[in-house]
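Once you've had a glance at the structure underneath, I'll fire off some questions.
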Amino acid sequence: MRITSLSMLTGMIAFMVCSSGLVAKPVKSTPAVVTTSWLTGTWRPFNGDLKWEDGCETDVLIHFRRGGLYKDGESQGRFAVRSGIIHYTSRLTVEDPAEEPGSFRAAALPPVSYRIQKIGPNIFSENGERWQRCKYFG
């Protein structure tokens with residue numbers, strides 16, 4: 001039997017087109033991969049009682065923007081995801097609204113990297129801490 005092509009249709013079954021016809025062959029499913037475009041949006045710490053539609057009524061948020069920009073309550077800068085690792089670079093502190101106006105000076109922060117894993121369609125784990133996507137920021 002000569003294999004002429006291999007197609008992955010469901011992530012669980014590979015279909016081989018052989019000289020004798022179509023043959024299904026089970027394969028190992030790979031874990032979902034986090035990409036920069038998948039992260040785009042606003043995220044809050046995971047709370048099992050809340051759903052995506054509930055919004056982002058919390059002080060702790062992280063915003064991932066197109067083009068690889070991020071901002072959270074303490075810093076802002078650039079991010080990139082490669083091989084299951086999220087890299088934060090060009091980081092600066094952000095102003096604390098509780099500080100006296102005009103007293104803030106941005107400070108450079110060192111780059112950091114963390115392991116990142118997609119847990120579900122709207123949940124990821126970063127360095128063991130789970131985050132869930134928010135539908136809107138209100």
Original post:
Which value, rounded to the nearest 0.5 Å, describes the distance between I119 atom CD1 and R130 atom CZ?
Top reply: 7.0 Å

**OP:** Show your working on side-chain contact (heavy atoms from CB on, under 4.5 Å) between Q76 and H63 and close with a plain yes or no.
**Re:** CA-CA 9 Å; Q76 64 184 13; H63 306 279; over 6 Å; no

Original post:
Say you draw a straight line from CG of N122 to CH2 of W38; how long is it, rounded to the nearest 0.5 Å?
Top reply: 7.0 Å

Subject >> Separation between CD of E74 and CD of E95, rounded to the nearest 0.5 Å >> reply: 14.5 Å

Subject >> Nearest-0.5 Å distance that lies between atom OG in S125 and atom NZ in K118 >> reply: 14.0 Å

Subject >> Single-linkage hydrophobic cluster, 4.5 Å side-chain cutoff, I116 and V60 together >> reply: yes

Subject >> Joint hydrophobic cluster, F79 plus I85, side-chain heavy atoms closer than 4.5 Å >> reply: no

Subject >> Partners meeting side-chain hydrogen bond (donor to acceptor under 3.5 Å, both in side chains) with T35 (sequence neighbours left out) >> reply: S37

**OP:** Measure from the side-chain N and O atoms of R91 to the backbone N and O of P110, and report whether any donor-acceptor pair falls under 3.5 Å.
**Re:** yes

**OP:** Give every residue pair that meets the side chain to side chain donor-acceptor pair (under 3.5 Å) criterion with at least one member in residues 77-88, sequence neighbours excluded.
**Re:** H87-S113, Y88-E126

Subject >> Atom of C134, atom of L61 and distance for their closest heavy-atom approach >> reply: SG-CD2, 4.3 Å

Subject >> CA sep, side-chain torsions, deciding dist, call: W131, F46, side-chain contact (heavy atoms from CB on, under 4.5 Å) >> reply: CA-CA 5 Å; W131 292 82; F46 179 78; 6.0 Å; no

Subject >> Step-by-step side-chain contact (heavy atoms from CB on, under 4.5 Å) determination, S75 to L109 >> reply: CA-CA 8 Å; S75 67; L109 297 169; 3.6 Å; yes

**OP:** Taking all non-hydrogen atoms of both residues into account, name the closest pair between R105 and T93 and its distance.
**Re:** O-OG1, 4.1 Å

Original post:
Only one of V112, L39, T36 forms a side chain to side chain contact (heavy atoms under 4.5 Å, CB included) with I86, so which one is it?
Top reply: L39

